[in-house]
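Since the structure is predicted, the reported quantities are computational estimates derived from the model, not experimental observations. In what follows, every chain begins at residue 1, and chains take the letters A, B, ... in the order their sequences are listed.
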Number of protein chains: 2
Amino acid sequence: MSLTILPGAARTSSVPDKTEHAALNLHEADEAGKGRIRLDNESAILLAAEQTFARHGFKGATMAMIAEAAQLPKPNLHYYFGNKQRLYMTLLSGILRDWLVPLDYFHPQACARDAIERYVRQKMCFTFSRPEASRLFASEILHGAPLALPLLQTTLRELVNDKAAVIDSWIAQGQLKPLDSRHLLFSIWAMTQTYADFEVQIGAILGDEAEGPRAQQRAVDHVLSSVFRMCGLA
Amino acid sequence: MSLTILPGAARTSSVPDKTEHAALNLHEADEAGKGRIRLDNESAILLAAEQTFARHGFKGATMAMIAEAAQLPKPNLHYYFGNKQRLYMTLLSGILRDWLVPLDYFHPQACARDAIERYVRQKMCFTFSRPEASRLFASEILHGAPLALPLLQTTLRELVNDKAAVIDSWIAQGQLKPLDSRHLLFSIWAMTQTYADFEVQIGAILGDEAEGPRAQQRAVDHVLSSVFRMCGLA
DNA sequence: GTCTATATCTAGATAGAC
DNA sequence: GTCTATCTAGATATAGAC
């Protein structure tokens, strides 16, 4: 199941910074020379755009801000991505794909407790490692998903219904206490993402305690034990 | 404890639509005549602004959109609120105030179970009755709370620390299972608000089932029983 | 492929008539 | 107190030199 919207959308994570992958690029000989520069520039732009869109929203972010963050002239952004909306969409589709991957842990043969623990840990890992990606996606949904709605109504909906059926089977087997499986997913998403999406609020409340790996561990422990209790796995 | 940022900030909810409160306004005789029109216009603008800012974000919303929604000419918005940021701030401060009110249920003498049930129900009520207010506030936090941060670091922080102490006392009394009281609040906020902030996503997944009072009841039941289980009150 | 200079459009804000 | 007409700033996007 591929969630890519734009064909050949370049992903930040697929372009390791300085490691020499020239050998891999030799397959496309005529694209290897320019392709290297293109990939580097595109990944720099995508990284800068993710941060800028997350911080200022789609309208609030300007191409000039993104260009400065990427240390490239403004017209280069149009050269590589055509326009602002296409750049934004490229980011969105990549984030949704990464966001859904952890659901793979939910399959009928899996042990419910193990699957849920791995899922929660993966979501918390995403939250703390890519908070800007989480906020960018949250901002899109919050404002009515003007661009992502078609994806939500098809791919996401089908995937969630599949995984809800898996959870229901775990309940039928007596592995979990009865609960609404789709609402359970909504709650897990909410509890995990809040540490990225509302990071500023949490930081304001916790103060210094909010920072560092010990704070992250505390959050993971809390969410994991809460989800276990919700599922009757405590 | 007052959370008002702007002195005399007019609140939508404080202006009943057509009920005759002229008698109450007679105290300020010279403001009664114009005051009526002013209050009506201000509340129309605030209502329109809440919807528009929630839907498009601060930058994405334009004064022209708000004016059209309020059915008033653009310059009137500037006449009443000076500029876009002041209009936005007036909304923000009112929402934060309304958002914090339910925490009053948390006081040391209260029964923990009753207080938590009332709190969750109040939060869910806010979510379903004023989803745009929730999204407007969420958007502000999501983008780094450029305007609300000072409030979060003072009033919100102190209030939360107070209420966390109350929860801790309930735990010490054995009314609740041990857990991190402040993270419990983060989780309750996340689980309740997600039905407003991510309404589009949930709607896309649940389809027709997401609408109507029965869907709301289902969500309330889920969140309430989940929070009870988290607290060992199931 | 890169980037300077510029065209075009849109939005916030206001002057001034009523 | 209200609103038409307009000013100005700033943003997207592109033309065209290198």
Side-chain angles (χ1 to χ4, degrees), chain A residues 8 10 15 25 28-46 48-49 51-53 55-91 143 146-147, chain B residues 8 10 15 22 25 28-46 48-49 51-92 139 143 146-147:
Chain A
V15 184
N25 287 334
E28 302 114 335
D30 49 356
E31 283 187 20
K34 311 179 199 170
R36 188 85 208 125
I37 294 174
R38 171 175 281 268
L39 287 177
D40 282 350
N41 284 349
E42 280 181 354
S43 71
I45 293 167
L46 286 169
Q51 295 172 347
T52 310
F53 281 128
R55 190 134 29 217
H56 299 96
F58 178 73
K59 256 289 188 176
T62 71
M63 297 297 266
M65 286 181 199
I66 297 169
E68 192 186 13
Q71 292 188 299
L72 287 168
K74 279 164 280 183
N76 286 34
L77 311 200
H78 288 93
Y79 175 73
Y80 285 119
F81 292 95
N83 59 42
K84 191 182 182 183
Q85 183 171 314
R86 275 175 51 92
L87 173 56
Y88 179 75
M89 280 296 287
T90 304
L91 283 169
H143 298 123
L147 296 169
Chain B
V15 183
N25 287 334
E28 302 114 331
D30 49 357
E31 283 186 20
K34 311 178 200 172
R36 187 86 209 125
I37 295 174
R38 171 174 282 268
L39 286 177
D40 282 349
N41 284 349
E42 281 182 354
S43 70
I45 293 168
L46 286 169
Q51 296 172 346
T52 309
F53 281 128
R55 190 132 33 216
H56 300 96
F58 178 73
K59 257 288 189 178
T62 72
M63 297 298 266
M65 286 181 199
I66 298 169
E68 192 185 15
Q71 292 188 300
L72 287 169
K74 279 164 279 184
N76 285 31
L77 310 200
H78 288 92
Y79 175 74
Y80 286 119
F81 293 95
N83 59 42
K84 191 182 183 183
Q85 183 171 315
R86 276 174 51 92
L87 173 56
Y88 179 76
M89 280 296 286
T90 304
L91 284 168
L92 262 193
S139 183
H143 298 122
L147 296 169

Between NZ of A/K84 and C1' of C/dT10 the distance, given in whole Å, is 12 Å
task = Classify the nucleic acid contact of B/A61 as base, sugar-phosphate or nothing, counting any heavy atom under 4.0 Å across all strands shown.
result = sugar-phosphate
Contacts of B/K59 and A/P75 projected onto DNA chain D by closest heavy atom; the upstream (5') one is B/K59
A/L87 versus A/Y80: any side-chain heavy-atom pair under 4.5 Å? no
*So, is B/N83 near the phosphate of C/dT14, with a side-chain N or O under 4.0 Å from OP1 or OP2?*
no
- request: Please check if the side chain of B/K84 supplies one atom and the backbone of B/A61 the other of a donor-acceptor pair under 3.5 Å.
  value: yes
Here the distance between atom C1' of C/dG12 and atom CG of B/N76, to the nearest Å, is 15 Å
All heavy atoms of A/Q85 vs all of A/L147, minimum pair found to be NE2-CD2, 3.5 Å
Rounded to whole Å, CZ of A/F81 lies from P of D/dT14 at a distance of 16 Å
When you measure from the side-chain N and O atoms of B/N41 to the phosphate of D/dT2, is any distance below 4.0 Å, counting only OP1 and OP2? yes
Separation of C/dT10 atom P from B/M65 atom CE, nearest Å, is 12 Å
Establish, with yes or no, whether the OP1 or OP2 oxygen of C/dT2 is under 4.0 angstrom from a side-chain nitrogen or oxygen of A/Y80. yes
From NZ of B/K74 across to P of D/dT6 the rounded distance in Å is 13 Å
**Prompt:** With side chains defined as the heavy atoms from C-beta onward, is the minimum distance between B/R55 and A/H143 less than 4.5 Å?
**Reply:** no
For this session: Report yes if at least one side-chain N or O of A/Y79 is closer than 4.0 Å to OP1 or OP2 of C/dT2; otherwise report no.
Result: no
Side-chain N,O (B/H78) to OP1/OP2 (C/dT14) below 4.0 Å: no
